[in-house]
Structures are given as C-alpha cells and as structure tokens.
Amino acid sequence: MLTSTLLITGGALAGGLVSGLTGFGTGLTALPIWLLALPPALASPLVILCSVTSQLQTLPSIWHAIDLRRSAPFIVGGLLGVPVGVAALPYVSPRLFEGGLGVILVTLCALLLLNGQARLPRTHPRITLLADGLVGLGGGLLGGIAGLSGPLPTLWAGLQGWTKDERRAVFQSFNLSILTVALVSQAVSGIVTAEVVSLAWQALPGTIVGSWLGRRLYHRINVVVFNRIVLLTLLAAGANMMLRVL
C-alpha cells in the first residue's frame, strides 16, 4: 500500500512538473509510473483528471498569449476526435497503441533535435487551417484513448516558428479543451469511478506542487532551451513506450 501511494504521488509530482514547464506532458510522464501500481482502466482517467488540474493551474500565466483564432482549428478538430477515441478505448490493443506511438515520437523528435531549424513551408491559409484541424483531430483521438492529446499538436507547433509563449498558448489551450471534454466523456461512460476519484485525492497534491515548480522554471528559460526540453520530453516518452512493448 505504501509503495503504491508513493508511486501515485511521485508520478503526479513528475507529471505536474513537466506540465507546468512545457504546457503538456502529465500523461507522458506520470502514466509509465502509475502503470507500475495501477491497471490501465484506472490510470487513464487519473491522467486526465490530473492533466486538467495542472492546465487550469498554469493557464493564467499564459492567458495573455492565447489567440483563439489560431487555436480554434486545433480545438475543433480535437473535439471531433475525442468521442471517437473514448469509444475506441475498449477495443484498442495497449501494446500496439504504445508501440506505434512510441516509434512515431522517437523518430520525429530525433529528426527535429538533429535539425533544430526545421520549419514548415508557408502554404495557402485554407490549407494551413485544414492541416491544423487534422493535427487537432489526431490529438483528440489520442486524448480520448489515453489522455495523450499533447504530442501531435506540440510537435506541429514546434515547426511553425512561433515564439515560446505563442507555442505554449496553442497547445495549452488545445490540451485543456480536449482533456476537459475527454474527462466529461469518460465520466458519462462510467470510466471515472469512485475508485478513480479516491486515487485522485492521492495524486492531486503532487500535481499541484509539481505544476507550481514547473511554471516557475518556464519563466527562467529561453525559446531554444524550451524547444529542446519539449523534444527531449517527447523523445523520452516515446522511448519508454517502445521499451514497455518489448
């Protein structure tokens, strides 16, 4: 029991720290730790509960940079994807899901770390809106399945040439919107049980403390360091997913 409590609290602290620093990553960081003590059916909704808490806690510090016109295509696409992801959750093979996502993250992050100046070419505004919406749709699907809405929009935002605040404003507003809907969807579906709520009382203090520490670190780093931290976080998460499948 003590070991389980320590894993839950420690995972929440680590997830909150990464989320407070980068604007995403609660699930990527905490989920591998929580799965050592909890079954996926409990860990997945717990990730979403703690993610929403962390996002709300750090939202005021980035509110000034949020441009709803820029975020809207991601959010609309994501909202369409969440219910599909929630519905698919009982039918998704955990090994196939983790292995596939892990390969994608490791490959893309490694390429971007090797070429730190990579940027997407300018295209017609309508094509850009469509692409943003499709990326949001993919993020919504992953958010509904496992609370992992952040990786795809985060990688996409990193290729736009936006400032640190502009990037974080996009994927934080997206993550908060998608994960809130995912949380409601899971609650309606009966996935958020009384046992999940009980576990949340163990996890939320760690999430809140970690998010506070991460937010303070965020204001002390420049855009280059921020970009590397984001990519290394995703790279480590992808590598961990691949290792768990082997």
Enquirer: Tell me whether L105 is reachable from M242 by hopping between hydrophobic residues (I, L, V, M, F, W, Y) whose side-chain heavy atoms are closer than 4.5 Å.
Expert: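 Yes, it is one cluster - the side chains of M242 and L105 are joined through contacts under 4.5 Å.
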
Enquirer: Are S173 and D67 close enough that some pair of their side-chain heavy atoms sits under 4.5 Å apart?
Expert: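 They are not in contact (no side-chain heavy atoms under 4.5 Å apart), so the answer is no.
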
Enquirer: V170 and L21: same hydrophobic cluster, using ILVMFWY side-chain contacts below 4.5 Å?
Expert: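 Yes, it is one cluster - the side chains of V170 and L21 are joined through contacts under 4.5 Å.
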
Enquirer: Using every non-hydrogen atom in the two residues, find where A37 and L7 come nearest and quote the distance to one decimal.
Expert: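 Taking A37 first and L7 second, the nearest heavy atoms are CB-CD1, 3.7 Å.
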
Enquirer: State, yes or no, whether a side-chain contact exists between Q55 and T26 at a heavy-atom distance under 4.5 Å.
Expert: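 No; the side chains remain at least 4.5 Å from each other.
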
Enquirer: Treating Ile, Leu, Val, Met, Phe, Trp and Tyr as nodes and any side-chain heavy-atom pair under 4.5 angstrom as an edge, say whether V76 and L176 lie in one connected cluster.
Expert: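 No.
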
Enquirer: Quick one: do V184 and L179 end up in the same hydrophobic cluster if we chain Ile, Leu, Val, Met, Phe, Trp and Tyr together by side-chain heavy atoms under 4.5 Å apart?
Expert: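 Looking at the clustering, L179 is in a separate group from V184.
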
Enquirer: Taking the side chain as every heavy atom from C-beta outward, state whether L17 and L13 have any pair of such atoms under 4.5 Å apart.
Expert: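 The answer is no; the side chains never approach within 4.5 Å.
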
Enquirer: Taking the side chain as C-beta and beyond, is there a heavy-atom pair between T163 and V223 under 4.5 Å?
Expert: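 Contact flag for T163/V223 side chains = no.
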
Enquirer: For the side chain of T233 and the backbone of I229, is there at least one donor-acceptor N/O pair under 3.5 Å apart?
Expert: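 Here the side-chain-to-backbone pair exists.
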
Enquirer: Compare every heavy atom of G23 with every heavy atom of N175, then report the nearest pair and how far apart it is.
Expert: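 Distance-wise, the nearest heavy atoms are ND2-O, 3.4 Å.
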
Enquirer: Going hydrophobic residue to hydrophobic residue with side-chain gaps under 4.5 angstrom, can you get from L46 over to I208?
Expert: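 In one cluster: no.
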
Enquirer: With the side chain counted from C-beta on, respond yes when I66 and L59 share a heavy-atom pair under 4.5 Å apart, and no when they do not.
Expert: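 With C-beta onward as the side chain, the pair touches.
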
Enquirer: Do L49 and P45 make a side-chain contact, defined as non-hydrogen atoms from C-beta onward lying under 4.5 Å apart?
Expert: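 Result no, sub-4.5 Å side-chain heavy-atom pair not found.
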
Enquirer: How many angstroms lie between atom CG of L141 and atom CG of L80, to the nearest 0.5 angstrom?
Expert: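 Reported to 0.5 Å precision, the distance equals 9.5 Å.
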
Enquirer: Is the cationic atom of R168 (NZ for Lys, CZ for Arg) positioned less than 6.0 Å from the six-membered ring centroid of Y218 and within 45 degrees of its normal?
Expert: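 Judged by the rule (NZ or CZ under 6.0 Å from the ring centre, within 45° of its axis), R168 counts as positioned above Y218.
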
Enquirer: To the nearest 0.5 Å, tell me how far C109 SG sits from L155 CG.
Expert: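 Those atoms lie 5.0 Å apart.
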
Enquirer: Taking all heavy atoms of G11 and all of W34, pick out the closest pair and write down the distance.
Expert: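 What the structure gives for the nearest pair is CA-NE1, 3.8 Å.
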
Enquirer: Can you tell me how far the CD1 atom of I104 sits from the CG atom of L152, to the nearest 0.5 Å?
Expert: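 It comes to 7.5 Å.
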
Enquirer: Can you measure from SG (C50) to CD (Q57) and round to the nearest 0.5 angstrom?
Expert: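 If we round to the nearest 0.5 Å, C50:SG and Q57:CD are 11.0 Å apart.
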
Enquirer: Considering only heavy atoms from C-beta outward, does the side chain of V106 approach that of V103 to under 4.5 Å?
Expert: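 Heavy-atom side-chain distance check fails, nothing below 4.5 Å.
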
Enquirer: Do side-chain atoms of S51 reach the backbone of V47 as a donor and acceptor pair under 3.5 angstrom?
Expert: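 A pair under 3.5 Å: yes.
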
Enquirer: When rounded to the nearest 0.5 angstrom, what is the spacing between CG in L217 and CH2 in W212?
Expert: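 Separation between the atoms: 9.5 Å.
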
Enquirer: For the residue pair E166 and Q160, establish whether any side-chain heavy-atom pair is separated by less than 4.5 Å.
Expert: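 No, every pair of side-chain atoms sits at 4.5 Å or beyond.
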
Enquirer: Please assess T53 against T207 for the test side-chain hydrogen bond (donor to acceptor under 3.5 Å, both in side chains), listing each intermediate value before the final yes or no.
Expert: CA-CA 8 Å; T53 299; T207 296; over 6 Å; no

Enquirer: Just checking F171 against F74, ring centres under 6.0 Å apart?
Expert: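 No, ring centres 6.0 Å or more apart.
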
Enquirer: What's the spacing between I178 CD1 and I75 CD1 if we round to 0.5 Å?
Expert: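 Result: 7.0 Å between the selected atoms.
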
